[in-house]
Structures are given as structure tokens and as C-alpha cells.
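Here the structure is laid out as C-alpha cells; the discussion comes afterwards.
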Amino acid sequence: MDYQFKDIEKKWQRFWAENETFKAENNSSKPKYYVLDMFPYPSGAGLHVGHPLGYIASDIFARYKRLKGFNVLHPMGYDSFGLPAEQYAIQTGQHPAITTETNISTYRRQLDQLGFSFDWSREVRTSSPDYYKWTQWIFMQLFDSWYNNQTDKAEPIDSLVRHFEQNGSAGVNAVCDDDVLSFSAEEWKTLSYRDQQTELLKYRLTYLRESTVNWCAALGTVLANDEVKDGFSERGGFPVEQKKMMQWSMRITAYAGRLLSGLDTIDWPEPLKEMQRNWIGKSVGALVKFRMSDFQFRNSEKSDAEIPTSEIIEVFTTRVDTIFGATFLVLAPEHELVPSLTTAEQKKVIERYIAQSKKKSELERMADAKTVSGAFTGSYAINPLNDEKIPVWIADYVLAGYGTGAVMAVPSGDQRDYLFAKHYDLPIVPIIDIQNIEKEADPTKEGRYINSGFINGMNYKEATTALIAKLEEMGAGKAKINYRMRDAIFGRQRYWGEPVPVYFKDGLPYLIDEQELPLILPEVDKYLPTESGEPPLARAKGWGYHLASGKARGSAKVSPPIGGGDLEGAEPVVYEYELSTMPGWAGSSWYWYRYMDADNDDAFASKEAIDYWKDVDLYIGGSEHATGHLLYSRFWNKFLKDMNLAPEEEPFKKLINQGMIQGRSNLVYRLIDDLGRGTNTFVSHAFRNQYQTSPLHVDVNIVENDILDIKKFKEWRPEFENAEFILENGKYVCGFEVEKMSKRYYNVVNPDDIANRYGADTLRMYEMFLGPLEQSKPWNTNGIEGVFKFLRKFWKLFHDDKLNFSVVDAEPTKQELKSLHKIIRKVEEDIERFSFNTSVSSFMIAVNELTDLKCNNRAILTDLVVVLSPYAPHICEELWTMLGHQAGTLSYVPYPKFNPEYLVEDEFAYPISVNGKTRMNLNIPLNFEPSAVEAFVLGNADVQKYIDHKAPKKVIVVKGRIVNIVI
RNA sequence: GCGGAAGUGGCGUAAUUGGUAGCCGCACCAGACUUAGGAUCUGGCGCCGCGAGGCGUGGGGGUUCGAGUCCCUUCUUCCGCACCA
């Protein structure tokens, strides 16, 4: 029989599904291996040919690991909450759950037809209540926790409460809001329950904070950053303004240090780690306090400890060693001290400057990076180390959100400060002997300090240490590590997301009872905000938290169950739920645990399952998630570890970014008439510049090797029915361009079409054949024929000329064994280093060789089927059963053992080079020692001709590699 | 501006430790079979040259018997960040 890929593929896909061939067990004597793909958002467009790239690679790896004797977990699911479904719902009124369901079935069908070895019994969907119950549960754990800097981990909030009860706020070293109170144990106990809760909220790992959001009044909704383009909504182009709103936030900054140091322990691509490092943005430096001078404040006879904070400017610097060169301070215009520092004379100037910088959009501020602007407050501060009075300015090059929002300006060492000083004629003091500040600032750390008081003569290291010690002694500063990263906003004013398991009482948030989980997303009449601007959930009728009087719901109680005594005996009351929903990254920040135990009703996954699978051994996905998903997931994982709910500090041991598959668009060139109108005549690529033409995208599916199928073109769109063409060599040649794969460029290639025409095995191998997995590349269907031909040739090895199955039981020949063992070794090496493209060409070489040898040896072909099966599983399963094996066993047979003996050669065709240039090859036995090789080579007549019978200066012989004669 | 990745035939790519540059395909050319094929097979295919030969891994320089690979320098493309104190 001929290679009937359609029948074969359908047959095996059904077999695998019916027999649950790839179901993984949660306990096994085999070692575990967890291969994970980044789960997709099921969009309405379905998969294009670029999406499965990573899935194919991970599937090959998973199948290979099974052959290597591992118990492999290879699951798939859907990140099914998200904006597109909601947007569609707003437009059509259709519930997003319905669109999501439809899209998921499309995805499932498309994934199934590619022959992936997923364990579908573990499928997860983030939008399913069984799943988001546990997303909500983890949120609750975060709410009930604080970060203890002393133990460097998160702890239950109870431990903080106990500390407050025993010692008050003294000795607490926590990651918390800036405005926490200082109190004694007694004072704490006298606080009302509500006041206690208010205070605790400042410590919780998820907390309420006033944050700025993108508010679009016309759409009546909050937009995500990527929905805003240059201050206007991407959809509709309505103006977007920054608006302050109370938002849920996650105290991810508590984990900044661990998120950074953990990067050194994981095998991820270096660029991606670098992105996370930049995002976290650690800088080591010092906080320094500058007292305000008596110039502004009448009495400054006070010691530092007595000075109210409003009279101290705190700056963060990474170069505390340059402090003697600080000739002025600069505050961000938004800095809270600016109004009190501004003198009456300067008030107008300052106010004008603030107004002006507020007007600037972020874009303008960026474009404006080179212009210097600022304003003097009229006040002076005192440098704590030399008591010099220096002026305080404001300028928008200082960002309110970074560090303390204030800098000490050292114009000799910092270019921005230098430009500022030049512009406003402020002093520039050199502080290092070798510093050259003629034309620009010199940030050198080499040399010795000058003009720098007690650090004069010291080097950088000595000075830094001495200064920090001195500042600490004076109480005027301390060493400080600062991070660029900010706490993450954890809420959206949207419908299609996880409801936040929180209700409000007296304006304070409380967790709902754990028994009430999941808090189901309610039905609403419209998916838009209310007229008063509240999120869509405000439309849900009768949706509120029914706090029982203690009996009605059994153990129903308010969480946190701390200190509250005012709930007893009350009538059931309905409290308002939180109306925002969780952001897109909530559900994806822990999903790999759910796969371990997807049906568990009692826990997000059982302890046994988590202890068995532990972490993800291989994670494949796109680099676009570098600072989003991959950072949040690491954060939640560390938190779960602190709570003893997860065993490993890092969730993804090894990670690979598959490259993006770009689109390759085809263009036709339409002739333009004198009036600039498009005609119905099209000019072939070579002649496009000889006429007035305009390029037009054409569907890549009616173009082959850049030759336009004219007949299909005429059918493509009615207006082209009578199109005329100016051809080259009788053909219409299209131009091409590499751009995003998108409907509007008509360059989308659908995997369904390819699978229909060539089969899934061909598609899988071709996607790998395109090039290295990590590399981005344009999709070009040209070339797929080569892979298709290869599979047919492979099929033919097992069949005679009449296409009857025909293999022989005989002793394999030496050459057959050599071909086989070359590929056994090669594929093993390639897969281990994720070089899938090179395996495919090696398979081609092996099959070419075996075809030339007319090999139909059963032993050889049996092993070859196993080696190829991770790449082309369907055809291999079919041949495997034809070879007489039981159906379905192929996935778990041992990978063939490589035997190096079969590759041993006794002769080698040495390349003979003269002065580094290869001239010929000579067959020389491999057991010849270098001296014998040299003698043999120099004895050769052709060699003598090349070296002109002269005595060589030197002969280099690398055994088994090369001979180089130097003359 | 800073950080990262990458530049090899007409195209996708290969060369795993410094050791024959272009494997394997696509496209193309020639041929075989075939009453003109989206079939199969054979041969050719980096560039210049009839050939001998010369030149070739973005450009320039260096180390080495030998460099796509190592070092310096420079250009280009892509990605990320963007006044970060």
C-alpha cells in the first residue's frame, strides 16, 4: 500500500485517545520528567502555523523521554480568561463563556490533529470554577500573609498579630507600606478591630492601594497598557486619561531579592534572565539625609533626631563616594516636600514648572531627554558631611517613582547633573584626582579622592566603606539596596476574570469564608461598566456576601478570624463584594501545579502529587512573557514555598524560548493610471519599477514559490475576474515581505490546510526542519515537499516495488548497522541539546543511505522506527504494528542503544593541505602514527607536485583529522 | 543612549573541541521513464574563469601551521529597556 497519511493519522490519533496512551501516573518507579508548554489563550482566529512550533518541540522531547524510561508529565490546557472574549461579548452580547467554549473546541481539534502526546485527562481551564476556586484560594493565602525580612520569607499574618500583641510594632522588619504606625503592645490592644485591620492591610502581601490606571471615559472602562496607543484607545481611538483608583496590588517587591538571585540557579536563556534582571533593577547604594538649612527654617539648632521628617530630604545614591561633589539637590516635581520648600519669591516659577511638566505626556518627556529644564525652590539643604549649604531644585529628569524621588546632584560625575549645572550655572567640583571634566562629566571610580574631606586620598572601595560607616554613626544615612520593580497591580475593572474573594464592611476588605469558594462569576445583563462608572460586576443582581449569624452556614466565619468580636448574634447582612476581577496573569501564575492533580477538590493539588512532580523540568514558550508571566509565576511559587505548599524555590528548571514564526507576505503590483487610480492590470515583479504601480497583498495560499496562480487569483476576488497581467517568462512573479502573520496581510497559513495536504507527520518535521528552535523565522511553505518526500521514501524502505510490505529477517550488514547507529547517536545528541532541525536532516541522510543499500532488514528498520517515532509518531506507529508489534507499545519501548563499534573505521581520507589550503584527499590507515602518515603523504607523487619537490618547512599531522604541509 | 541576539550560495540552513566551508532540503538547469503530470529516478548547482586556477562565511585588522569558530575594531538587522540617581 502507498503511504496513506490521512488514514494512518486519523487511526492513531483515535487509538491514543481511546487507550489513554499518554496518561501519566502520579507514582511510578521510573524517574519523573515534567515537560510543559505555555498554555494558549484560545482566540477566535484559531491556530496558525506558528503556534505549534513550541508544542512540536516539547512533544518530541516528551516522547523521547518516555523512550528513555521516564515517567513523563506532558499536559495542556487553556488560559481562558481574557480581553478578546470580553470585547466580543460587549459587541455581541454573547456570554464570553460561550465564545471561549467554541474557541477551545477549535483549538482542541487543531491540536489533536497534530498528534501531540498530551495527557488530556489533566486539562485545565483558568476560567472554569473548579480551577479558579484555587486561584482565589491562593489570593486568600497572600492576603493572610506578610513578608518578614528577618526570616526572609512570607509568614502567616497571625505571626505578625502575635508580635504586635506582645511587642507592639518594635522589632518588626517587614515589607510594608510607608505609612505604618509605631505602637506598643498596649496601644495595639486598645485599637478597635477596624483600626487593627486597617493597620494589617499595610502589611498583607495583597493589599489595596491607590494606583493610576488608564481610564477611557468614552468606552467607560479601564484599559490595559497594550490597549493604549499614544494616549488613545487602540479600539475606537478615544482619549485615555490617567486616573487614580483604589486597586488591589501584590507585594511582589518583597521578593525582589530572591527573584534576582534565583536567576543564577536556573537554566534559562541568558537574554531572558537579563530582561528579568533589568526589570527588577537592583542598585546597591545608600540613603542619605540632607537637613534643611536655617536659611529657610528659622531655628535649626535641633539635632537630627528632633527634626521633623518634613525638614529632611532623603536621597538615594549609588555613588555615595561622590558626596563631597554634590553641589545641589534635585527633587521630582511631584515630591511631597516641594510645596513646603518653595519660598515665596520662587513660588510662581515652581508652580509654572510643575504645571508645564504635568502637561508633558510621557512620550514628550522621553523625546525631550536632551533638553535641560528645572526650577529653583529657593531653599537650601545641608550636606551632612561638610555642612555646606547647597540649593534645592526641582526637575523632571528626576522620577518620583524611583528611589526617594530626590537625588544629590554630582555634576562632576553624572552627565545629567553636569548638563543641569552648566545650564543653570551651578558649581562643578572635581572630586577625583584623575577626573577630566573639561567637556563632560567623568564617572570614573579609578584614582584618589580630592576636595573630599576625610576621604581624601582614599580609593573607591575604601571611601564607600568609610562614608557609610560615618553616615550610620551620624544617623544621617545608611547602606540601601533599591529596586526599580514596583508592586504589581492586581485587578481590572472587567467582567471576564476571576472574582476577588473579598467583601467590604465599613470600607475595609475581608476575605470570604474558604467554604464559600469558588466565588462564582455572576451573570450580568451587559458586559459594560455601570452608568456610575462601576465595573460590570456591579450589574449582577443580588450578588453580595451573606454573612450568616453564626449558624446559618455552619462554620461560616469572617476571615481573617482575628480579634473580631462584633459578628456575634447579628442578623444576616449582605455585604458588597469586590467588583473588580483578577488580571490575566492570575490564573497562569500557578497552573503547572494543577496539572499535577487536576481533579482535586480539597487542594490546589495534593501534597503527594506536588512532592512527586516537584517542578517543571522543561518549559517551552515565547519570550514575550519574559517580564510578565515568568516573573509572576516565580513570585507565586516562592510564596507557595514559604507557605510549605511547594517544595522548590524555582518552578521552571529549564526554559527555552521558541522563536517567533513571522509571516511571509506576497505582493502583486497593480498598474496605476494617470489619475492615480488602480487599474485591473498587474505587473510582474521584475518590471514593477518600469511602470506606475502600487503593491497589493495577495493571499499566500494562491502563490507557490512566488509564482502567482493566475486562475486562482481571478477567483480570489470578484473585481479581479478580468484582471490582465504583464508577465515575465510567461509567469507572474510576486514580490515578498516578512511581516507579522496576520489576516490583514493575507499571509496566514493554517495548520489544518498543511495537515490535510501533507499530513501531521510532515508538518511536525517541517516545522523542526525550518531551523533552530530559538530562532525567529518567516514561515515559507516552499520546501515542505522535501520532508514529505522523505517520509514516502522512509515508507518505501518497508515495501517492495509493488508497494507490498516486505522486510527480511537477516543478519544486518556492516554498512546498514553503520547508518543505523549514526542516526541513533545523532538523534540522541541532538534532542539533548534541543537541536531538532539537525536531526531531521540526519534522518534524511540515514534514509538516503539505507535506500541506496536497498535495506529492508527487520532489525535495522525496527530500531529506525523507534528513533524516528518522536518526530513522526503516526507513520511510525503504523509501521511498528506492521512489523508485528502490539499497537500502542511504541511509545514506551526503550530507545535503541548506541554501539560505537559499528562506526569504527580503519581508513580515513585525510585532507592534505599545503599552507592551509586543502589540495587533495589521501586514504591512509587510521592506525598509522603521525610520523608514518607524514612519510606516506610526502611519498605521494601528487603531493610532491604540489609542494614543487621542495623540502617542507614543517608538516602538521593531526591524527584522524588533517595533514598540513608548510613550505 | 544602554543591554542582548544575529549576519554563511538565489532561499531555509549545516559545520558539537580552532582542523576538508556549504551537509540536508527548496528553487533552478540538463537528462531518463512517460501520449506535456503538484508522480518517480539520474546528474549538475557558492562566485569568477573554456581551463589551469583564483576568490569566498557583513567590512577591516590580528593570533595560529590552520579561523565561519578565538581577539580587536567597524557596519547592518532584529529584540528588550529607556532620564533608574
Side-chain angles (χ1 to χ4, degrees), chain A residues 2 269-275 277-279 281-283 285 315-319 322 330 332 362 365-366 368-372 395-399 401-410 413-417 419-420 482-484 623-624 626-627 657 659-660 662 664 704-707 736 738 757 766 769-772 774-790 792-793 796 826 829-830 833 835 837-845 848 909-921 952-958 960-967:
Chain A
D2 204 357
E270 202 46 52
L272 197 140
K273 288 202 215 176
E274 203 53 39
M275 271 191 238
R277 285 192 193 105
N278 289 340
W279 187 265
K282 176 179 178 172
S283 25
V315 304
F316 175 73
T317 175
T318 53
R319 290 293 303 274
T322 63
V330 189
E362 237 168 82
R365 256 172 98 151
M366 277 195 290
D368 233 20
K370 290 272 140 38
T371 10
V372 176
D396 58 13
Y397 78 83
V398 176
L399 307 175
Y402 184 77
T404 60
V407 302
M408 60 176 214
V410 183
D414 182 287
Q415 186 58 20
R416 288 158 318 175
D417 297 345
L419 291 173
F420 196 84
N482 195 46
Y483 294 98
R484 193 187 75 113
S623 61
E624 66 272 23
T627 49
N657 290 131
M660 237 211 318
Q662 294 139 309
R664 186 181 187 277
E704 199 160 321
N705 289 318
D706 292 336
I707 309 293
F736 74 89
V738 173
R757 189 157 149 194
Y766 185 59
F769 188 62
L770 279 178
E774 294 95 326
Q775 203 168 296
S776 286
K777 54 233 160 191
W779 176 268
N780 190 348
T781 309
N782 302 341
I784 197 168
E785 291 284 348
V787 173
F788 188 51
K789 265 187 222 166
F790 155 75
R792 277 184 303 193
K793 217 166 164 181
K796 277 188 194 158
K826 177 75 171 151
E829 284 173 357
D830 283 352
R833 66 191 172 103
S835 174
N837 56 323
T838 48
S839 291
V840 179
S841 25
S842 303
F843 279 126
M844 291 176 175
I845 294 169
N848 287 347
Y910 277 89
I912 311 300
S913 47
V914 179
N915 288 339
K917 276 209 181 315
T918 310
R919 294 300 178 179
M920 64 177 92
N921 287 66
K953 274 199 201 124
K954 199 171 171 187
V955 178
I956 287 120
V957 177
V958 183
R961 286 265 187 204
I962 202 168
V963 178
N964 190 15
I965 304 167
V966 187
I967 52 167

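Proteins come first, then strands; the chains are lettered A, B, ... in the order of their sequence lines, and each starts at number 1. Given the structure is predicted, the values throughout are model-derived calculations rather than measurements.
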Determine which nucleotide pairs with B/G19, using a 3.5 Å limit on both distances of a Watson-Crick or G-U wobble pair. B/C65

Length of the line joining A/L770:CG and B/C24:P, which is rounded to integer Å: 19 Å

Could you tell me whether A/V958 contacts a base, only the sugar-phosphate backbone, or nothing, with contacts defined as non-hydrogen atoms closer than 4.0 Å? base

Taking atom CE of A/M660 as the centre, does the number of heavy atoms from other residues, nucleotides or ligands within less than 6.0 Å exceed 12? no

Output the rounded distance in Å from CD (A/Q775) to P (B/C11). 15 Å

Minimum-distance nucleotide to A/M844 side chain [options: B/A85, B/G25, B/C26]: B/G25

Looking at A/V963, A/N964, A/N921, which hits side-chain contact (heavy atoms from CB on, under 4.5 Å) with A/P911? A/N921

Base, sugar-phosphate alone, or nothing: which one does A/E785 contact when heavy atoms must sit under 4.0 Å apart? nothing

From C-beta outward on A/I956, which listed nucleotide comes closest to its side chain: B/C65, B/U20, B/C84? B/C65

When we call it a touch if two heavy atoms are under 4.0 Å apart, what does A/R664 touch: a base, just sugar-phosphate, or nothing? nothing

Give me syn or anti for B/G9, where syn covers glycosidic angles within 90 degrees of 0. syn

Mind checking if A/K953 touches a base, just sugar-phosphate, or nothing, with heavy atoms under 4.0 Å? nothing

When all nucleic acid strands are considered with a 4.0 Å heavy-atom cut-off, which category describes A/F790: base, sugar-phosphate, or nothing? nothing

CA sep, side-chain torsions, deciding dist, call: A/F843, A/V787, side-chain contact (heavy atoms from CB on, under 4.5 Å): CA-CA 10 Å; A/F843 279 126; A/V787 173; over 6 Å; no

d(A/W779 CH2, A/I784 CD1) to nearest 0.5 Å is 5.5 Å

Any A/R961 side-chain N or O less than 4.0 Å from OP1/OP2 of B/U17: no

Any idea which of B/A14, B/U16, B/U40 is nearest the A/P772 side chain? B/A14

Calculate the interatomic distance between A/I912 atom CD1 and B/G66 atom P; express it in whole Å. 17 Å

Scan A/N964 against the nucleic acid and name what it touches under 4.0 Å (heavy atoms): base, sugar-phosphate only, or nothing. base

Using OP1 and OP2 only, check whether a side-chain N or O of A/T318 sits under 4.0 Å from B/C84. no

Shortest side-chain distance from A/F316, nucleotide among B/C24, B/G80, B/A85: B/A85

Rounded distance (Å) that lies between atom P of B/C2 and atom CZ of A/R484: 17 Å

I'd like the C1' distance from B/A21 over to B/U73, given in whole Å. 25 Å

From CA spacing to verdict: side-chain contact (heavy atoms from CB on, under 4.5 Å), A/T838, A/E829: CA-CA 10 Å; A/T838 48; A/E829 284 173 357; over 6 Å; no

May I ask you to verify if any side-chain N or O of A/N278 is less than 4.0 angstrom from the OP1 or OP2 atom of B/A82? no

Of the candidate nucleotides B/A85, B/C41, B/U20, which contains the atom at the shortest distance from the side chain of A/P911? B/U20

Minimum side-chain heavy-atom gap A/E704-A/T781 below 4.5 Å: no

Rounded off to whole Å, could you give me the CZ-to-C1' distance for the A/F788 and B/C24 pair? 19 Å

Given atom CD of A/E774 and atom P of B/C79, what is their separation to the nearest angstrom? 18 Å

Closest to the side chain of A/R833, out of B/A85, B/C26, B/U16, is B/U16

Kindly say if A/K793 contacts the phosphate of B/U40, meaning a side-chain N or O under 4.0 Å from OP1 or OP2. no

Should A/V966 and A/N915 be marked as a side-chain contact (heavy atoms from CB on, under 4.5 Å) after you check the CA-CA gap, both sets of side-chain angles, and the distance that decides it? CA-CA 5 Å; A/V966 187; A/N915 288 339; 3.7 Å; yes

Is B/G37 paired to anything, Watson-Crick or G-U wobble with both distances less than 3.5 Å, and if yes, which nucleotide? none

Going by heavy atoms in the side chains, are A/V372 and A/R416 under 4.5 Å from each other? no

Between A/A406 and A/N915, the residue closer to the 5' end of RNA chain B by nearest nucleotide is A/N915

In this structure, how many angstroms lie between the P atom of B/G3 and the CD atom of A/E274, rounded? 10 Å

I'd like to know if A/R792 reaches the base of B/U40 with its side chain such that a donor and an acceptor end up less than 3.5 angstrom apart. no

C1' atom, B/C33 versus B/C41: distance in rounded Å? 8 Å

Interatomic distance at P, B/U63 relative to B/C26, whole Å: 44 Å

Any side-chain N or O of A/S839 less than 4.0 Å from the OP1 or OP2 oxygen of B/C24? no

Considering only side-chain heavy atoms of A/D830, which listed nucleotide, B/A85, B/G25, B/U16, is closest? B/U16

Tell me which of A/P271 and A/A909 sits closer to the 5' end of RNA chain B, going by the nucleotide each one is nearest to. A/P271

Side chain of A/D396 only, heavy atoms from C-beta on: which candidate in B/G12, B/C83, B/A14 is closest? B/C83

Taking atom P in both B/U16 and B/G80, what distance in whole Å separates the two? 31 Å

Using the side-chain heavy atoms of A/R416, tell me which of these nucleotides is nearest: B/C41, B/U16, B/A85. B/A85

Under 4.0 Å, heavy atoms only, any strand: does A/D706 hit a base, just the sugar-phosphate, or nothing? nothing

If we take the P atom in both B/A27 and B/U40, what is their distance in whole Å? 11 Å

With no angle test and no hydrogens, is the base of B/U16 tied to the side chain of A/K826 by a donor-acceptor pair under 3.5 Å? yes

Report the nucleotide, chosen from B/C84, B/G19, B/C26, that has the shortest atom-to-atom distance to any side-chain atom of A/Y402. B/C84

Checking side-chain contact (heavy atoms from CB on, under 4.5 Å) for the pair A/N837/A/S839: CA distance, chi angles, key distance, verdict? CA-CA 5 Å; A/N837 56 323; A/S839 291; over 6 Å; no

Which whole-number value in Å describes the distance from A/Y397 OH to B/G1 C1'? 17 Å

In whole Å, what separates the P atom of B/U42 from that of B/C48? 28 Å

Paired with B/C11 by Watson-Crick or G-U wobble geometry, both distances under 3.5 Å: which nucleotide is it? B/G25

Mate of B/G53 where both pairing distances stay under 3.5 Å, Watson-Crick or G-U: B/C48

